[in-house]
Amino acid sequence: MKYQIRLTGDNARLTREINARCGVDLTQCYQCGECTAGCPMTPEMDAGPTKTLRLIQLGMEDALFDLNTPWLCASCETCTARCPNDIDIALVMDVVRQMARLKGKKIPVKQPRVFQDVFLKSVENNGRLYEPGMIAFYNLRSGDLFHDVGLGPKMLFKGKLPLLPHTSGNREKLREIFRKAEAFEKEAGKETSREAHADPGHGSGSDT
Amino acid sequence: MTYAYYPGCSLKGTAIDYHTSAMALAERLGIELKEMEDWVCCGASPIHQRNPALASGVANLLLSLSKGISPQVAVLCAACYHNMKKAEVEMREDGKKRSEVEEISGIAFDPEVRTRHFLDILDKDYGLNALKEKVVKPLSDLRVACYYGCLLSRPPEIAFDDPEQPTIMERLLEAAGAETVSWSHRMECCGASHAVPLTHAVLRLVNDILQSARAAGAEVIACACPLCQANLDMRQAGILTKFGVAHNLPVVYFTQLLGLACGATGKEVMIEKGMVSAAPMLRAKNLL
Amino acid sequence: MSKIGVFVCHCGENISRTVDCERVARASEQIRGVAFATDYKYMCSDPGQALIKKAIREYELDGVVVSSCSPHMHEKTFRKAVEEAGLNPFLCEMANIREHCSWVHEKEETTTRKAIELVRLMVEKVKRNVALEPIRVNVTKRALVIGGGVGGIQAALDIADGGHEVILVEKDPSVGGHMAQLSETFPTLDCSQCILTPKMVDVGSHPNIKLYTYSEVEKIEGFVGNFKVTIKKKARSVDIDKCTGCGECQLKCPSKKIPSEFDRGLKNRTAIYIPFPQAVPARPVIDREHCIYFTKGKCKACQKVCPAGAIDYEQTDEYVEEEVGGIVVATGFDLYTVGEQGPYPDYRGYGEYGYGEDPDIIDGLQFERLASASGPTGGAILRPSDGKEPKSVVFLKCIGSRHPSKGIEFCSKICCMYTAKHTMLYKHKVHDGTAYVFYMDIRSPGKGYDEFVRRAIEEDGAVYLRGRVSRIYRSGDHLIVKGADTLSGAAVEIEADMVVLATAVMPQPGIEGLFQKLGISYDQYKFANEAHPKLRPVECATAGIFLAGACQGPKDIPETVAQASGAASKVQILFSRDEMLREPVVAKVNENTCIACWYCLEVCPFKAITQKEIRDRKGNLIKRVAEVNPSVCTGCGTCAATCFSNSIDLAGFTDEQIYSEINALMAVGQDLFPEPGKEEGESPDEQAA
Amino acid sequence: MEESHGTEAGTERVDQETTATSWEPRIVAFICNWCTYTGADLAGTSRMKYPPYVRVIKIPCTGRFDPLFMIKAFERGADGVLVSGCHPGDCHYTAGNYNARRKYTVFKDLLATLGIDMDRVRFSWISASEGGKWVDTIKHFTEVIRGKGPFREYREMIDVG
Ligand SMILES: Cc1cc2nc3c(=O)[nH]c(=O)nc-3n(C[C@H](O)[C@H](O)[C@H](O)COP(=O)(O)OP(=O)(O)OC[C@H]3O[C@@H](n4cnc5c(N)ncnc54)[C@H](O)[C@@H]3O)c2cc1C
Ligand SMILES: Cc1cc2nc3c(=O)[nH]c(=O)nc-3n(C[C@H](O)[C@H](O)[C@H](O)COP(=O)(O)OP(=O)(O)OC[C@H]3O[C@@H](n4cnc5c(N)ncnc54)[C@H](O)[C@@H]3O)c2cc1C
Ligand code: SF4
Ligand code: SF4
Ligand code: SF4
Ligand code: SF4
Ligand code: SF4
Ligand code: SF4
Ligand code: SF4
Ligand code: SF4
């Protein structure tokens, strides 16, 4: 077996950190599998959402960041809509992706990450998405040079692809939001991680 | 009725037919969709996948652009709707989130603002009866499979119809005289956010959806999202190569069908833009 | 001037080890109003009690404070002793210097000082105690049982066999409840009808049981031992005394397309109908909503054909009054409806399963009807859509239950068992079929229960998959069930011919109306609350009302029957005496000062307070005041703490008594302020301390 | 003028109070007969230890608790008041403790305007089996009251009044 679980008092830390980041309580997941059952991407996933949540509950950080599951998640929110415990699993997937990036983890499956980057780069640059540029850039970065090239000319022919990027007058403002949000998330990441390390239990609750 | 219209990137590019047909329909119904100025991209799925706070920040910027037009923001794309509505609901209900997002975007949130999908506007504000009156060419004898995909009604907090069993598109199209089929995959995700990076997975999903629609006897799929349309339409060629199945099922926007019913020409609703053209079938039924 | 006696106990060394008992006694002597004080090694021993009795007589004491252990330990002992010496027992109080003092503090000056204070406080209270007499209440020895399921039937039979009259009220046309619908029952697989029908017949013919079917409780007044109940007998449109139950009428009735409640919609019934062949009473009723005569004014086919002339279209609802002493509530349960338009609008259905639109997605009770020999298919398992034998059946457990996002957090308790039963019944009838079960946990604690589930898996080959299902959709002839097997971590897809949902056990819709009439409390789901979950599980907090069966929470038949017998025995305990004695700690209204604001009515958890009219001799209304019914009041004191005009007080815990305790507490040791009652003379116990 | 006089006099007295080794916190506990009283009994039978400054007044149910009792207790020199009963849903009288809570919420602001320092008031739920919780509550509350010192403000105020 690739991973063994060693339970020390420290295992709840990862759950606390992710709880704090997404405002949900992952200890509520009772491993029913409903999220996995409805997820459209399970055939491609190594673990599926249920097991991903279990690894978080057990504090298995290495195993978690080894998973391709969060990167294959299509953000369809089927799981979120049906979880009997109202856990926003899609958001958990977002947060895991984000943590992997902030913590500099190796990403197990490259394409979705590259797509995310070039897409957002295109938006950040132009204010609006420039599809031909993005696709070309994606093909370059992902190493799949001829991905979907067949579709390009057809769409051009149909008048569905613009030849030049649109830009927006709010481009600068958008860039500013990108900067601030990134800084905010970094800070929040540090803070929740610190808190998760510090807080030994689940609050000492008083009933007064 | 005037709405602040946010088209989003697709509607000015790959989904120009959605934009054009919606405008044609709105004009015939007397609904004014006034485009907001200097809008930017909402970031679709990648934005919250990278950073949920960024997604909300951008959405807040977009919502603020409605100022001076109307607090009612009309949106056609499901991904845009999802991002903006989610941020809006979150900010209205959670004071802490709201101040975070306001801080990031540098813009005060206006709690009066409402993100509305065009389907919802037609159903609730305009009304089925009013729509029926505008129908000049009923879509008789046309069997449509209405496709909702994932983002239009998930999570349930942002849904404008029953989140698991929506009927809004069926009701609208039936009001225009079409026959809608009951089929199993109307709510299944087509994987559009992975259409580029994980094409192989997406082909599987699209194939299942098309198969289900055909099995139910649909002649055309109607959808309300540019990502769905592009995915279901353009991937049919790939499916033929990979699974050897030729679906040949046109995928159009609900606005195109409603536009035709209300008397717009094929050109006005850009019916010929689809990779799998709906035109021959519509022509055969005398709807073009 | 009071003459109080103080008796300080050493409790061997338990108290005297940390408290100077002698000094406590000496200090007590100094308290104003204390006529005698002493200490002794064991106050509760016979010589100790004798000492108290002797002192009462010798010093003509008019109050006693025993300074020893907790009143929960020996209050009864000492009150009895005091009574034996001719003093009213309620003039005796205890100062708890053991549990609240000697045992929890070190041997220090402060500990003894605290003990003195505790005595002083009780002395001040006892000075203001008054003699109280236990309350006597008459008992009407007839019982009302509401609900004629197996719970109500058992309770009624037990009470009736005990020699008391029983009024049994059932809202449906027949008794039997859900058990009558079941096929075979876990854990023994005996036939439900075979074991229930004899009991139903007994209920119908027992000389001590008066059966009101198709009836409901309209109004309840009174209190334990003395309830007055109004029962509404709904118009049956059939004179059941004339009717012979021949059934001719149902055969001729042209209104035939009404989904049968008993068969849960799997079969139709007529407008005039006997709900099922074994019904008790086996008499029909006309469903006026669907009767052509009542809706359109024409038909009367049943009247024409009835050989007994029993049809009576003119019948109206009838109200009867009955007096009873105790009540058993046995109104049972209903199943969570998957459909959106169920009786529980608060609970979101299962759109992802198609809201139960597909005829081949059924619930557990429908499966029971399919499997029942007397059911619509004669016991053959056939799917509703086309009557074909399903070769693959998927059972989903915990539907609605344990599903916080749908509003229900509890486990329905019976569905693990009945699902195992269903897989067995299915396998016994469809040998080449496969039963799949999606489960989250298997909850089978009970005698022979887990063995039963193991049998389903091991002998009958049911395939258990640990996970929930996210989606069901139709694909041609099949239903596709998309679930997960969390043990392997994989998503699972099954092509099913039929799907059975084990839906949550819920209370009867609208049952809170009855509970409110009864004045009993219920939980957030509207299950009735017991007085104590462990030690008083069959009683309600409201005296004289008892619970039996699934109206209190999900229960299987053995539990229902056990509780019903428990409730019956509680009723008989109540009936074993002609009158009841109750502790006189009850509230009393001062009619002179009551301003009729009715706040107390609102807060009293037991509805013990009513409005009373005061009239002069000519009958003119002078004023209205609150009145406490001492037989119902439990002495919680909420009203006393609420009344703004201080017009209501609680015997044994009066405002005066509590204020005197507060005053007394602060008088010892480090007193900063002069005593308000200084002129009364200050006690010198400070010096003593 | 008179007011300030009062304050000065009070301060003087309090100074004595706090410096004098004799000052002991005075806590009055109104506890219900069924749950907390029995819980406190359990602390005794288990021989747990806690500071001896609490004086128990038994009431049948926290529903019987009248906020005026609290005012009286402070008037008579209490430095802290504890009210304790059954856990929500466990009330022997079904809803007495809910009523107590509700009343408390209504009266809270009023008590504060009367000059009562609400930090010196504590509500808790202690069941018959929570002897340990009773001990912890008393220990903790005693510390809090020790930290705050004698409740001179209120007594001064009524002195003046
Ligand atoms: C699918 C299924 C299978 C089951 N299989 C088994 C099994 O194999 N073994 C087993 O032990 N248990 C089984 N059970 C559980 C069993 O049905 C219950 O334990 C039992 O029926 C409870 O009896 P009851 O009398 O409390 O309630 P019910 O049977 O519900 O009876 C309540 C009665 O009260 C009447 N009533 C309701 N409200 C009023 C009112 N306001 N006024 C007057 N009358 C009223 C109702 O009409 C009904 O007749 C099964 C349950 C289900 C759903
Ligand atoms: C570890 C543990 C924890 C538990 N926790 C809980 C809990 O939290 N909540 C809960 O509800 N339940 C709990 N229980 C269950 C609870 O203890 C039992 O339900 C309960 O004790 C059963 O009571 P009883 O009177 O039937 O049996 P017992 O308590 O076993 O009493 C039987 C008595 O009969 C006497 N006896 C036996 N044979 C004879 C004889 N031949 N002649 C004369 N006398 C005899 C025995 O000496 C004994 O005193 C727990 C049980 C265990 C083991
Ligand atoms: S949001 Fe992601 S994990 Fe959830 S169902 Fe969709 S693809 Fe699967
Ligand atoms: S659906 Fe919710 S509870 Fe069930 S496994 Fe997924 S996250 Fe956990
Ligand atoms: S026909 Fe008459 S006697 Fe026979 S069952 Fe019907 S009502 Fe009764
Ligand atoms: S009168 Fe009504 S109940 Fe009688 S036969 Fe006609 S429809 Fe049936
Ligand atoms: S009894 Fe079993 S099936 Fe029923 S709710 Fe409980 S765990 Fe689920
Ligand atoms: S003491 Fe309690 S039960 Fe009695 S009348 Fe007052 S509020 Fe009602
Ligand atoms: S609260 Fe007091 S004044 Fe008001 S009705 Fe009751 S007893 Fe009378
Ligand atoms: S019920 Fe409680 S608050 Fe009421 S008495 Fe109990 S113990 Fe207490």
Side-chain angles (χ1 to χ4, degrees), chain A residues 22 40-41 43-44 72-78 80-82 88 90-91 93-95 97-98 101 111-117 119-120 122-123 126-129 131 135 138 142 147-148 150-151 154-155 158-162 166 168-171 173-174 176-178 180-182 184-185 188, chain B residues 9-10 12-17 37-41 43-54 56-58 61 65 82 94 97 100 103-106 149-151 153-156 163-164 187-194 196-201 204-205 230 234 237 272-275:
Chain A
C22 36
M41 299 302 290
E44 281 76 24
L72 295 187
C73 162
S75 299
C76 70
E77 305 206 16
T78 309
T80 301
R82 295 187 188 151
D88 190 345
L91 178 62
M93 296 296 176
D94 284 351
V95 165
R97 278 185 278 237
Q98 198 188 346
R101 208 166 50 87
Q111 298 95 317
R113 167 72 197 276
V114 173
F115 180 75
Q116 192 189 82
D117 286 352
F119 183 100
L120 293 175
S122 168
V123 172
N126 304 308
R128 294 183 188 171
L129 183 65
E131 277 126 338
I135 298 290
Y138 169 77
S142 66
H147 191 92
D148 274 352
L151 287 172
K154 264 193 224 155
M155 290 181 83
K158 290 267 183 188
K160 286 194 150 195
L161 281 185
H166 300 279
S168 161
N170 272 318
R171 191 172 63 174
K173 206 157 203 171
L174 186 72
E176 180 61 23
I177 295 176
F178 267 77
K180 275 205 197 148
E182 194 67 9
F184 174 83
E185 283 305 306
Chain B
C9 306
S10 305
K12 289 308 180 81
T14 51
I16 188 72
D17 36 354
E37 274 173 34
D38 285 328
W39 52 265
V40 294
C41 172
S45 298
I47 197 163
H48 61 77
Q49 290 177 349
R50 165 171 316 168
N51 182 343
L54 174 61
S56 305
V58 173
L61 168 65
L65 299 178
H82 176 265
D94 182 345
K97 266 272 150 51
E100 267 171 31
E103 164 71 29
I104 287 169
S105 56
C150 51
L151 291 183
S153 56
R154 291 190 188 119
E164 290 289 355
M187 299 285 295
E188 303 298 308
C189 168
C190 71
S193 71
H194 284 328
V196 177
L198 300 170
T199 312
H200 59 290
R204 169 176 62 79
L205 295 172
M234 290 193 321
E272 78 294 346
K273 288 272 180 195
M275 295 278 170

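Below, chain A is the first sequence line, B the second, and so on; all start at residue 1.
Proximity to chain B (any heavy atom under 4.5 Å) is shown, for A:Cys22, by neither the backbone nor the side chain. Interface residue A:Phe178: backbone and side-chain heavy atoms are both found under 4.5 Å from chain B. Of the two parts of B:Ile16, only the side chain, counted from C-beta on, holds a non-hydrogen atom closer than 4.5 Å to a non-hydrogen atom of chain A. Both the backbone and the side chain of A:Leu72 come within less than 4.5 Å of a heavy atom in chain B. Only the side chain of A:Arg82 comes within contact range of chain B, with at least one heavy atom under 4.5 Å from a heavy atom of that chain. Of the atoms belonging to B:Cys9, it is side-chain heavy atoms, and not backbone ones, that fall under 4.5 Å from chain A. Within the 4.5 angstrom heavy-atom criterion, only side-chain atoms of A:Leu120, from C-beta onward, approach chain B. Contact annotation for B:Asp94: neither backbone nor side-chain heavy atoms come within less than 4.5 Å of a heavy atom of chain A. Looking at A:Asp88, only its side chain comes within 4.5 Å of chain B, counting heavy atoms on both sides. Of the atoms belonging to A:Arg101, it is side-chain heavy atoms, and not backbone ones, that fall under 4.5 Å from chain B. Contacts between B:Met187 and chain A at a heavy-atom distance below 4.5 Å are absent for every atom of the residue. Residue contact with chain B, scored on non-hydrogen atoms closer than 4.5 Å, involves the side chain of A:Glu131 exclusively.
The two residues A:Arg128 and B:Trp39 make their nearest non-hydrogen contact at NE-O, 2.8 Å. In terms of heavy-atom proximity, B:Pro52 sits nearest to A:Leu91 at CG-CD1, 3.8 Å. Residues B:Gly57 and A:Ile177 come closest through the heavy atom pair O-CD1, 3.9 Å. When all heavy atoms of B:Arg50 and A:Glu182 are compared, the pair lying nearest together is CD-OE1, 4.3 Å. A pairwise comparison of heavy atoms in A:Phe115 and B:Pro46 identifies CE2-CG, 4.1 Å as the closest pair. Pairing each heavy atom of B:Arg154 with each of A:Cys76, the nearest pair is CD-O, 3.7 Å.
B:Ser45 places none of its side-chain heavy atoms less than 4.5 Å from the side chain of A:Phe119. Considering only heavy atoms from C-beta on, A:Pro112 comes within 4.5 Å of B:Leu198 through its side chain. Contact annotation: the side chain of B:Leu205 approaches that of A:Met41 to within less than 4.5 Å [non-hydrogen atoms, C-beta and beyond].
Atoms OG and CG, from A:Ser168 and B:Leu65 in turn, are 8.0 Å apart once rounded to the nearest 0.5 Å. The CG atom of B:Leu54 sits 9.5 Å away from the CD atom of A:Gln98 when rounded to the nearest 0.5 Å. The distance from the OG atom of B:Ser105 to the NZ atom of A:Lys180 is 7.5 Å, given to the nearest 0.5 Å.
Between the side chain of B:Asn51 and the backbone N or O of A:Ala181 there is at least one donor-acceptor pair closer than 3.5 Å. Although no hydrogens or angles enter the test, the distance criterion places no donor-acceptor pair under 3.5 Å between the side chain of A:Arg97 and the main chain of B:His48. Checked by atom type and distance alone, the side chain of B:Asp38 never pairs as donor or acceptor with a backbone atom of A:Asn170 at under 3.5 Å.
Of the residues considered (B:Ala44, B:Gly149, B:Gly13), B:Gly13 shows the highest number of contacts with chain A, using heavy-atom pairs under 4.5 Å. Between chain A and the residues B:Glu37, B:Glu103, B:Lys12, B:His82, the largest count of heavy-atom pairs under 4.5 Å involves B:His82. Chosen from B:Ser10, B:Cys190, B:Ser153, B:Gly43, the residue pairing most often with chain A at heavy-atom distances under 4.5 Å is B:Gly43. Counting heavy-atom pairs under 4.5 Å between each of B:Ser193, B:Gly191, B:Ala230 and chain A puts B:Ser193 at the top. In terms of heavy-atom pairs under 4.5 angstrom with chain B, the leader among A:Thr78, A:Asp117, A:Ile135 is A:Thr78. Between chain A and the residues B:Leu151, B:Ile47, B:Val196, B:Leu61, the most heavy-atom pairs under 4.5 angstrom are made by B:Val196.
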Verdict with reasoning, B:Val58 to A:Leu174, per side chain to side chain contact (heavy atoms under 4.5 Å, CB included):
CA-CA 7 Å; B:Val58 173; A:Leu174 186 72; 3.7 Å; yes
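Residue A:Glu44 forms a side chain to side chain donor-acceptor pair (under 3.5 Å) with just one option from B:Arg204, B:His200, B:His194, and that option is B:Arg204.
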